[in-house]
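Report on the following structure.
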Amino acid sequence: MIAQKEKIVENLFSDYSMTKNNPKYKNATSRLQIIYRKDDDIRSPFERDYHRILYSNAYRRLKHKTQVFFATNNDHICTRIEHVNHVSSAAEAIARCLGLNTELTRAIATGHDLGHAPFGHTGEYIIRDLIVDNKIGNNFWHEKNSLRFIDKIETLPDYEGYERNLNLTYAVRDGIICHCGEVDENGLKPRNEFIDLETIECANQYQSYSWEGLVVKVADKIAYLGRDIEDALSKKILTEEQKTEFELIIKDLFGHKKLTDINTSTLVHLFTIDLCKNSTPDKGLCFSKEYFQIMKLIKEFNYKNIYNHKRLTTFHDYAKLIINTIFNTLKSYYDGVDTVYKIKCDEQFYPLLCSTFGDWLLKYSNASTTEEKHNKKFLNETIYDINSYKDYLMASVDFISGMTDSYSIKMFNEIITF
């Protein structure tokens with residue numbers, strides 16, 4: 001068992017916390033537009049962002065989105081919203097110990113997966129293929145889609161009932177698009193450049209602008225590794241040989257304990273404590289060499305034995321059929337300025353699909369007039385030109401990527417039912 005003799009020195013990062021004393025604070029709290037507020041609002045900018053995320057429909061939908069195992073009817077398999085809460089819990093504990101801003105950390109963690117597609121990473125890869133094959137764009141990745149959703153798609157009513165974009169602070173938006181935890185790195189440090197986040201072209205292209213964003217990035221990996229193993233055990237997809245292999249990986253952490261004695265909270269605790277003991281502003285956020293190596297081994301084990309398991313193949317094919325069917329159905333409706341009319345005419349056949357997507361176009365495109373938008377209290381940004389086929393296909397992709405697993409299945413069943 002790895003000895004942990006070092007003591008935690010708390011608040012080592014307090015001088016770098018994203019507060020008013022931080023030279024980055026003005027940039028970090030900037031928004032794309034001036035935001036409405038009441039004079040008696042007692043919240044900080046980051047606490048307000050947290051609430052705006054928490055009240056959004058995209059956050060609510062996370063409870064019906066796959067993490068790894070497709071399980072819309074299984075109460076005990078991890079869903080995307082449970083994962084987000086695990087990340088938030090771990091990230092806040094780390095930030096509090098290091099002396100960082102927990103309000104900013106909580107906001108980033110709560111919003112980091114708002115743009116995740118239905119059916120987990122499988123859905124993400126299917127939509128990526130749709131984007132490329134239909135020449136809509138060059139890539140699709142959930143971190144960038146999360147930024148797109150919080151900037152362009154998600155709305156909340158203002159104090160007069162008008163729907164407006166979330167309009168979050170730069171630091172929260174930055175932490176969300178830069179949260180990718182798939183790359184194995186140690187000694188993370190924030191960047192100093194105040195960049196246009198829309199120019200980011202791929203996952204992990206930049207480190208976060210804040211230490212708080214980096215904390216969420218690390219917590220994301222800490223949270224999902226152990227929880228995915230729990231689900232794999234409960235679904236009995238690991239062989240005895242694979243269980244033995246995993247026990248060998250973690251024996252330095254736990255001595256001779258059995259795999260069944262290991263749970264998510266134990267792994268999260270051990271990695272969190274190790275991170276807090278070994279991180280300094282000079283070294284960056286880092287684990288000890290031993291823990292970093294064990295984390296890499298656990299990740300490799302999960303990819304080899306869980307994420308690529310043969311029992312998930314049918315699920316992958318099912319998700320592809322559903323997403324492609326919905327996309328191709330929507331694709332067939334395009335008719336320039338008459339598109340919405342054409343969609344609405346088919347509500348007798350596909351009442352849910354046609355009504356909701358027709359309304360989507362009216363809210364986000366120039367298919368409706370300024371007066372119509374005002375009457376519907378839509379003050380959100382118009383992002384699609386109905387005269388552009390490419391914009392229409394992008395609207396279809398956005399519509400699908402925001403769906404839950406269960407809603408996309410409902411749409412699919414409506415399409416194939418006579």
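All of these numbers come straight from a predicted model, not from anything done at the bench.
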Side chains of Asn145 and Ser401: donor-acceptor distance under 3.5 Å anywhere?
yes

Got a second to check how far Thr329's OG1 is from Leu353's CG, nearest 0.5 Å?
6.5 Å

Results of side chain to side chain contact (heavy atoms under 4.5 Å, CB included) for Ser265 - residues two or more places apart only:
Asn263

Hey, what do you get for CD1 (Ile94) to OG1 (Thr272), rounding to the nearest 0.5 Å?
4.5 Å

4.5 Å side-chain heavy-atom contact, Ile176 and Arg173
no

Asp405 and Arg80: CA distance, side-chain angles, deciding distance, salt bridge (charged side-chain N to carboxylate O under 4.0 Å, His left out) verdict:
CA-CA 11 Å; Asp405 299 12; Arg80 188 64 52 179; over 6 Å; no

Any chance the side chains of Asn27 and Tyr209 put a donor and an acceptor closer than 3.5 Å?
yes

Heavy-atom distance under 4.5 Å between the side chains of Lys20 and Thr29, does that happen here?
no

Separation between CG of Leu270 and CZ of Phe287, rounded to the nearest 0.5 Å
11.0 Å

Could you work out, with side chain to side chain donor-acceptor pair (under 3.5 Å) as the rule, every residue matching Ser408, not counting sequence neighbours?
none

Kindly check if the number of other-residue, nucleotide or ligand heavy atoms within 6.0 Å of OH (Tyr16) is above 12?
no

Are any non-hydrogen side-chain atoms of Leu32 and Asn165 less than 4.5 angstrom apart?
no

Taking the side chain as C-beta and beyond, is there a heavy-atom pair between Val172 and Arg52 under 4.5 Å?
no

Return the orientation label for the His142 and His116 ring planes: parallel under 30°, perpendicular over 60°, tilted otherwise.
parallel

Give a yes or no on whether the backbone of Arg43 and the side-chain of Glu47 come within a donor-acceptor separation of less than 3.5 Å.
no

SG (Cys286) and CG (Asn278) are apart, to the nearest 0.5 Å, by 5.5 Å

Whether Lys344 and Asp359 form a salt bridge (side-chain N of Lys/Arg under 4.0 Å from carboxylate O of Asp/Glu) is what I want to check.
yes

NZ on Lys390 to OH on Tyr384, rounded to 0.5 Å:
13.5 Å

To check you understand the geometry: which heavy-atom pair defines the closest contact between Leu238 and Lys243, and what is its length?
O-CE, 3.6 Å

With Ile195, which residues qualify under side chain to side chain contact (heavy atoms under 4.5 Å, CB included), at least two apart?
Tyr170, Arg191, Glu193, Leu197, Ile200, Tyr206

Give the minimum heavy-atom separation between Ser17 and Asn101, together with the two atoms involved.
OG-N, 3.2 Å

Sequence neighbours excluded, every pair satisfying salt bridge (charged side-chain N to carboxylate O under 4.0 Å, His left out) that has a member inside residues 326-343
none

When the ring centroid of His374 is compared with that of Tyr162, is the distance short of 6.0 Å?
yes

Crowded around Lys410 NZ? As in, over 12 foreign heavy atoms under 6.0 Å?
no

Would you mind reporting whether Arg48 and Arg37 have side-chain heavy atoms less than 4.5 Å apart?
yes

Under 30°, 30 to 60°, or over 60°: which ring-plane class applies to Phe301 and Phe246, parallel, tilted or perpendicular?
tilted

After noting the C-alpha distance and the side-chain angles of Glu82 and Asn85, does the key distance pass the side chain to side chain contact (heavy atoms under 4.5 Å, CB included) rule?
CA-CA 5 Å; Glu82 182 186 339; Asn85 286 322; 5.7 Å; no

Distance-only, no hydrogens or angles: does the Lys63 side chain make a donor-acceptor pair with backbone N or O of Arg60 under 3.5 Å?
yes

Residue list, side chain to side chain donor-acceptor pair (under 3.5 Å) with Lys320, at least two apart or on another chain
none

Pair Glu154 + Arg61, salt bridge at N-O below 4.0 Å
yes

Side chains of Glu212 and Arg106: closer than 4.5 Å at any heavy-atom pair?
no

Could you check if a side-chain atom of Lys363 sits within less than 4.5 angstrom of a side-chain atom of Glu163, using non-hydrogen atoms only?
yes

Nearest heavy-atom pair of Ile131 and Phe140: which atoms, and what distance?
CG1-CB, 4.0 Å

Do the side chains of Ser30 and Phe194 get nearer than 4.5 Å, heavy atoms only?
yes

Residues His86 and Arg227: side-chain donor-acceptor under 3.5 angstrom
no

On the 0 to 90° scale, with breaks at 30° and 60°, tag the Phe399-Phe357 ring pair as parallel, tilted or perpendicular.
tilted

Do you see a donor-acceptor pair shorter than 3.5 Å between the side chains of Gln207 and Lys217?
yes

Does Asn138 CG have over 12 foreign heavy atoms under 6.0 Å away?
no

Could you list the residues that satisfy side chain to side chain contact (heavy atoms under 4.5 Å, CB included) with His269, not counting sequence neighbours?
Ile273

Can Lys38 and Asp40 be counted as an ion pair, charged N to O under 4.0 angstrom?
no

Determine whether Ile383 and Arg148 satisfy the following criterion, side chain to side chain contact (heavy atoms under 4.5 Å, CB included), listing intermediate values before the conclusion.
CA-CA 11 Å; Ile383 57 176; Arg148 180 170 177 80; 4.0 Å; yes

Euclidean distance, Asn22 CG relative to Ser14 OG, rounded to 0.5 Å
11.5 Å

When the ring planes of Tyr36 and Tyr159 are compared, do they come out parallel, tilted or perpendicular, using 30° and 60° as the limits?
perpendicular

Within 6.0 Å of CG in Asp196, more than 12 heavy atoms from elsewhere:
yes

What pair of heavy atoms forms the shortest contact from His64 to Ser406, and how long is it?
CB-OG, 3.9 Å

Over 60° means perpendicular and under 30° means parallel, so tell me whether Trp360 and Tyr364 are parallel, tilted or perpendicular.
tilted

